[in-house]
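Hydrogens, waters and symmetry mates are skipped; everything else that's a heavy atom, side chains included, is used. Residue numbers run from 1 in the order of the sequence given.
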Amino acid sequence: MGRYRVRVATGNSAFSGSNNQVQLWLVGLRAEVELGLRLRPARGQMEDFEVDVSEDLGPLQFVKLRKIHLLIKDAWFCNHITVWVFEQSMEEKEIVFPCYRWVEGDGIICLPETTAWMIRNESQGLFQKHQEEELKARRTLYGWVSWKKGIPLSVAAASEKDLPLDARFHEEKKVDFERTRVVGVTEIALKRLYTLLSSWNSLEDFDQIFWGGKSALAKRVRLSWKDDDFFGYQFLNGVNPTLLRKSSSLPTRLVIPPGTEDLKAQLERKLQEGCLFEVDFSLLAGIQANVIQGERQHLAAPLLMLKMEPDGKLLPMVIQLQLPGSDSPVPPLFLPSDPSLTWLLAKAWVKNSDFQLHELQAHLLKTHLMAEVFAVATMRCLPGMHPIFKLLIPHLRYTLEINTRARTKLISNGGFFDQAVNTGGGGHLDVLRRATTCLTYRSLCPPDDLADRGLLGVPSAFYAHDAVRLWDIISRYVQGIVQLHYLEDEVVRSDPELQAWCREITEIGLCKAQERGFPVSFQSRDELCHFVTMCIFTCTAQHSAVNQGQLDWYTWVPNAPCTMRQPPPTTKDVTLEMVMATMPNVHQACIQMTISWHLGRFQPDMVPLGHHKEQYFSGPGPQAVLNRFQEDLYTLEREIVARNESLDLPYEYLKPSRIENSITI
Ligand SMILES: CC/C=C\C/C=C\C/C=C\C[C@@H](/C=C/C=C\C/C=C\CCC(=O)O)OO
Ligand SMILES: [Fe+2]
């Protein structure tokens with residue numbers, strides 16, 4: 001018995017309130033009581049009321065709530081219920097029941113109190129029963145589907161409308177996304193009209209469409225894209241810093257033609273000096289090129305060799321556009337000393353190839369589709385009261401919807417890839433399949449990936465530096481939360497939901513990825529922390545590193561052509577006509593500009609890394625861990641700002657304030 005003060009907190013997004021009435025129960029260890037209220041929750045409001053309860057409820061464990069509609073169902077977004085207990089001769093005690101979900105229909109929803117997982121064994125099985133019922137319902141809502149064979153599984157949803165309401169964009173995000181889509185379509189139409197009668201036979205003609213959404217750096221790209229140091233810089237700190245690696249030997253595919261022995265000597269000297277680097281696009285070899293409006297597109301599978309200069313500049317040394325083969329046992333090598341248009345076209349082929357592997361492998365597969373596997377497995381295996389659910393859920397916001405939209409509009413039949421990209425038309429799916437076969441756990445963990453690629457400690461590798469710093473900061477955050485909940489390794493080993501989550505990701509979502517280093521179980525807190533750190537890093541920092549730069553590096557189309565309309569050159573006699581016949585046409589270039597702006601623009605409702613408002617945990621312990629996380633991020637922010645002040649090209653994509661807390665675009 002005693003007096004209770006109950007606070008009902010409603011979400012702040014549009015339509016979060018409800019005209020339906022809400023009924024509440026308090027459920028204690030010894031009894032439960034219906035509070036006899038009929039509340040109409042209002043958007044953004046916290047509504048308090050007090051009740052005297054005659055029964056002895058015992059320690060509160062759940063709040064149960066139900067929305068009652070008379071005529072019209074009106075969903076309600078409940079943030080949380082908080083209860084203050086006034087008991088005789090005891091000071092007031094605050095108990096929080098997190099929700100952060102839509103309440104639809106008229107079913108009863110059970111909200112466990114925030115520390116339930118820690119006391120689950122003392123609850124006469126009540127929490128266990130709740131967890132089982134919750135997961136049963138979630139497994140019905142979140143199903144797996146194989147969208148295309150050979151790539152990670154996705155959420156079962158033919159379109160975003162099929163997703164559960166809790167996975168959908170909130171109104172503000174939806175309105176912004178749809179608005180920018182309309183702006184994009186309008187922009188393409190206007191650009192087509194504007195260029196209808198104009199020429200398209202010089203590189204400067206791209207200026208005719210270089211307006212609309214673009215950044216200051218994009219304007220710099222337009223001026224500097226032909227420069228070799230600007231070209232090389234992008235493999236270190238551009239939109240795709242994932243392919244560059246330090247050479248440990250001259251690549252076997254690099255067949256040196258007779259008469260170019262001095263090139264071989266230069267390469268060997270740079271190799272000996274430890275400053276030879278390479279980017280190999282062999283993954284594209286043999287991929288079927290797209291046919292766009294009846295016009296066959298073309299693909300290459302280049303190898304680029306670069307040298308790291310003492311001042312940190314990365315300069316291209318040689319480009320081989322195709323693998324040696326029976327029809328071309330000694331493919332031509334293109335050099336900086338070649339005629340300028342020849343060398344420029346060879347570099348354009350490298351950047352077109354980089355566009356393919358960036359968007360399909362680094363961006364779509366290694367961030368979006370990985371995050372989707374984490375999201376579906378989390379919803380299917382971890383109950384809301386589980387500490388790893390609470391840790392991860394803020395980093396999974398909106399990901400299922402943006403990925404579903406990508407599958408229906410971008411990489412779908414007739415989508416933007418088919419309309420404007422030379423791997424479109426099915427080749428893009430083969431690239432995804434090939435990339436999936438070489439997707440290793442190590443490649444998703446920067447300390448391992450950058451060590452394997454020889455990029456640790458390289459002074460001008462700003463992505464590498466910032467990625468390792470962020471990994472360490474996120475790792476400390478994860479360890480802080482894990483150590484509050486798993487007091488020893490045995491608790492990890494004996495957590496059935498956690499082990500099921502791990503198996504569901506590796507064996508189901510990633511289609512038996514244990515062969516590529518992914519775990520099928522966690523044997524220690526360290527293993528758990530490493531994996532969860534990888535999840536959060538992938539969903540936040542890594543996506544920021546490979547998504548934001550689209551606005552800067554892809555809107556000046558010649559810098560990263562989305563398609564190539566003529567075969568790669570086989571001789572050094574390249575003319576401007578050949579270059580313009582190869583580069584994307586007006587329509588393709590307009591699509592690239594618009595989509596790159598749509599995807600790379602700053603999201604107006606973005607939540608910065610570590611600054612989500614939802615409070616899934618309570619008490620001083622988790623709050624101290626989150627505070628430390630935010631402090632560490634702020635320290636890194638200041639470090640990066642200070643470093644960037646001395647740079648001609650500041651590296652901004654891993655500034656914590658620019659990293660979104662989940663993949664939402
Ligand atoms: C010409 C295509 C250029 C770049 C995009 C290529 C690959 C995207 C990689 C990851 C997925 C992407 C998510 C996109 C989701 C929806 C956008 C689809 C269409 C936008 C316009 C519309 O909705 O009609 O990550 O950002
Ligand atoms: Fe993205």
**Item:** Polar side-chain atom of Trp211 near backbone of Gln208 as donor-acceptor pair, under 3.5 Å
**Value:** yes
**Prompt:** Should the pair Tyr233 and Phe230 be assigned to parallel (<30°), tilted (30 to 60°) or perpendicular (>60°) ring geometry?
**Reply:** parallel
**Request:** Say whether, by atom type as modelled, one donor and one acceptor occur between the side chain of Glu372 and the main chain of Val155 under 3.5 angstrom.
**Result:** yes
**Request:** Could you list the residues that satisfy side chain to side chain donor-acceptor pair (under 3.5 Å) with Glu295, not counting sequence neighbours?
**Result:** none
**Request:** Would you sort out whether Glu278 and Ser247 count as a side chain to side chain donor-acceptor pair (under 3.5 Å), showing the intermediate values?
**Result:** CA-CA 6 Å; Glu278 64 191 67; Ser247 299; 2.6 Å; yes
**Prompt:** Between Lys313 and Asp228, does at least one N-O distance fall below 4.0 Å, as a salt bridge requires?
**Reply:** no
**Message:** Is it the case that over 12 heavy atoms from other parts of the model lie below 6.0 angstrom from the CG atom of Asn413?
**Reply:** no
**Asked** Any ion pair linking Glu187 and Lys191 (charged N to carboxylate O, less than 4.0 Å)?
**Response** yes
**Pairs meeting criterion ring-ring contact (aromatic ring centres under 6.0 Å, His included) with involvement of residues 344-369, two or more places apart** = Phe355-Tyr554, His358-His363, His358-Tyr554, His363-His368, His363-His543, His368-His543
**Asked** Tell me, do Pro302 and Leu304 make a side-chain contact under 4.5 Å, heavy atoms counted?
**Response** no
Only pairs under 3.5 Å count here: list side-chain donor-acceptor contacts from residues 658-665, not counting sequence neighbours, and write none if there are none.
residue	atom	partner	partner atom	Å
Arg658	NE	Gln548	OE1	2.8
Arg658	NH2	Gln548	OE1	2.5
Glu660	OE1	Thr664	OG1	3.0
Glu660	OE2	Thr664	OG1	3.0
Asn661	OD1	His395	ND1	3.2
Asn661	OD1	Gly610	N	2.8
Asn661	ND2	His612	ND1	3.0
Ser662	OG	Arg397	O	2.9
Thr664	OG1	Lys173	NZ	3.0

**Within-4.5 Å side-chain heavy-atom neighbours: Leu203 and Met583** = yes
**Request:** Report yes or no: does His428 contribute a side-chain atom to a donor-acceptor pair with the main-chain N or O of Ile411 at less than 3.5 Å?
**Result:** yes
**Close aromatic pair by centroid cut-off 6.0 Å: Phe518 and Phe531** = no
**Item:** Electrostatic pair Arg433:Asp430 at N-O distance under 4.0 angstrom
**Value:** yes
**Prompt:** Is there a donor-acceptor pair closer than 3.5 Å between any side-chain N or O of Thr575 and the backbone N or O of Met578?
**Reply:** yes
**Request:** Enumerate the residue pairs fulfilling side-chain hydrogen bond (donor to acceptor under 3.5 Å, both in side chains) with a member in residues 416-426, sequence neighbours excluded, ordered by first and then second residue.
**Result:** Asn352-Asn422, Gln356-Asn422, Gln356-Thr423
**Asked** Ignoring hydrogens and geometry, is there a side-chain-to-backbone donor-acceptor pair from Thr195 to Arg192 under 3.5 Å?
**Response** yes
**Message:** Does any part of the side chain of Arg516, heavy atoms only, come nearer than 4.5 Å to the side chain of Thr436, both counted from C-beta?
**Reply:** yes
**Asked** Any side-chain heavy atom of Pro329 within less than 4.5 Å of one from Val255?
**Response** no
**Heavy-atom donor-acceptor pair, Ser215 side chain to Ala218 backbone, under 3.5 Å** = yes
**Request:** Look only at the side chain of Ser544 and the backbone of Thr540, and say whether a donor-acceptor pair between them is shorter than 3.5 Å.
**Result:** no
**Item:** Main-chain N/O of Asp449 paired with Arg442 side-chain donor or acceptor, under 3.5 Å
**Value:** no
**Request:** Using a strict cut-off of less than 4.0 Å between a Lys/Arg side-chain nitrogen and an Asp/Glu carboxylate oxygen, indicate whether Lys347 and Asp338 qualify as a salt bridge.
**Result:** no
**Message:** The test is side chain to side chain donor-acceptor pair (under 3.5 Å); show your working for Thr563 and Gln588 and say whether it passes.
**Reply:** CA-CA 8 Å; Thr563 190; Gln588 294 156 349; 5.2 Å; no
**Message:** Under 4.0 Å between a side-chain nitrogen and a carboxylate oxygen: does that hold for Arg222 and Asp207?
**Reply:** yes
**Message:** Please check: side-chain N/O of Glu637 versus main-chain N/O of Ser657, any donor-acceptor pairing under 3.5 Å?
**Reply:** yes
**Asked** Between Trp200 and Phe206, does the ring centre distance come in under 6.0 Å?
**Response** yes
**Asked** Does Lys572 make a cation-pi contact with Phe334 (under 6.0 Å, within 45 degrees of the axis)?
**Response** yes
Side-chain polar contacts of residues 258-269 - donor-acceptor pairs under 3.5 angstrom, sequence neighbours left out - could you list them?
residue	atom	partner	partner atom	Å
Thr260	OG1	Pro257	O	2.5
Glu261	OE1	Gly259	N	3.1
Glu261	OE2	Gly259	N	3.3

**Taking every non-hydrogen atom, the tightest pair across Gly184 and Thr594** = CA-CG2, 3.3 Å
**Item:** Test side chain to side chain contact (heavy atoms under 4.5 Å, CB included) applied to Phe374 and Leu396, Ile536, Thr399, the passing residue
**Value:** Leu396
**Prompt:** Which residue pairs satisfy the ring-ring contact (aromatic ring centres under 6.0 Å, His included) criterion with at least one member in residues 640-665, sequence neighbours excluded?
**Reply:** Tyr651-Tyr653
**Message:** Between Asn237 and Phe462 (side chain of the first, backbone of the second, donor and acceptor by atom type, cut-off under 3.5 Å), is there such a pair?
**Reply:** yes
